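Below is one structure; the comments refer to it alone.
Chain letters run A, B, ... following the sequence lines, proteins first and then strands; every chain starts at 1. Keep in mind the model is a prediction, meaning the values are calculated, not measured.
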Amino acid sequence: MRVITWNVNSVRVRQERLLALLARHAPDVLCLQELKVESGGYPHEAVQAAGYHSTVLGQKTYNGVAVLTRAAVTEPLVGLDDGVDDPQARLISVRVGGVRAVSVYVPNGGAMGSDKWQYKLAWLARLRRWLERHARPAEPLVLCGDFNVAPDALDVHDPDAWINEPLYHPEARAALKGVLDWGLSDTFRPLHPDEPGLFSWWDYRMLAFPKNRGLRIDHIFATAPLAARAERAFIDRDERKGESPSDHAPVVVDFRET
DNA sequence: ATGGTTGCTTAGCAA
């Protein structure tokens, strides 16, 4: 089973790149974030013609998440569903072939101390409670998305410069750990131990990509039965090159079949 | 401290 997560930064602008990605990598599950379009504006027909089912939670202008699958899905779950009055489209989940797949777009956090920063920390705590309500650590589950958190110094091009930023602040990392402690582990880092310079996002500005000044903030986390089967993981840096790329590159993980 | 770039929407916000 091949799983990919990718922040597309507008699915309309990236439609041709999306179709090329499906053809190039043939994922079984593709989790998308930052669709930046209402569900009705999502390119359902083009994706279906490429052989994929789409389960979509769109939103005008901002956010928006989707799960694309080769096989048909059951039990779609839409939104954090915790009674909080929150219009932001940041979570969608399906069951496909005995696996639950979740696509999340964790809030960026704005500036330290801002309302957006508090919303980020609160959202990660709400995500933990969503897992407690809807899943069990003993069942196969992948939690994929743009978490807007780099877990470790190895995941940041210049940790000293980022330590007080929302993407790498100790409080953000602690909030992410609070999610993982439910029963998830990173599938990428164990396959690349101690290897520096592996990033999934680079700012559009200041030649960050050509200088590889990036962060690893896009993740595929898995429960134990699936994490034990992760056998290959890579970041598709080529997708960040050329005309009109997203500022994020896709993260790809292959799981052995049982 | 500020600015640099991109997308959505059309002046300013979000990232």
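The pair A:R2-A:D28 does not count as a salt bridge, with every side-chain nitrogen at least 4.0 angstrom from each carboxylate oxygen.
Within residues 107-117 of chain A, the residues having any heavy atom under 4.0 Å from DNA chain B are, by residue number, A:N108, A:K116. Against DNA chain B, the stretch residues 60-68 of chain A makes heavy-atom approaches under 4.0 Å through A:K60, A:T61, A:Y62.
Residues meeting the side-chain contact (heavy atoms from CB on, under 4.5 Å) test with A:P196, sequence neighbours left out: A:L154. Residues meeting the side-chain contact (heavy atoms from CB on, under 4.5 Å) test with A:A208, sequence neighbours left out: A:W202, A:D203, A:R213.
Clustering of Ile, Leu, Val, Met, Phe, Trp and Tyr side chains at separations under 4.5 Å leaves A:V84 isolated, with no partner residue.
Judged by a 6.0 Å distance limit and a 45° cone about the ring axis, A:R90 is positioned over the six-membered ring of A:Y105.
Sequence order on DNA chain B of the closest nucleotides to A:Y204 and A:Q88 puts A:Y204 first from the 5' end.
Counting non-hydrogen atoms under 4.0 angstrom, A:F209 reaches nothing in the nucleic acid.
At the phosphate of B:dA15, neither OP1 nor OP2 sits under 4.0 Å from any side-chain N or O atom of A:R205. In this model, the phosphate group of B:dG7 is approached by a side-chain N or O of A:S244 to a distance below 4.0 Å at OP1 or OP2.
The side chain to side chain donor-acceptor pair (under 3.5 Å) contacts involving residues 156-166 of chain A comprise A:H157-A:W162, where partners must be two or more places apart or lie in separate chains.
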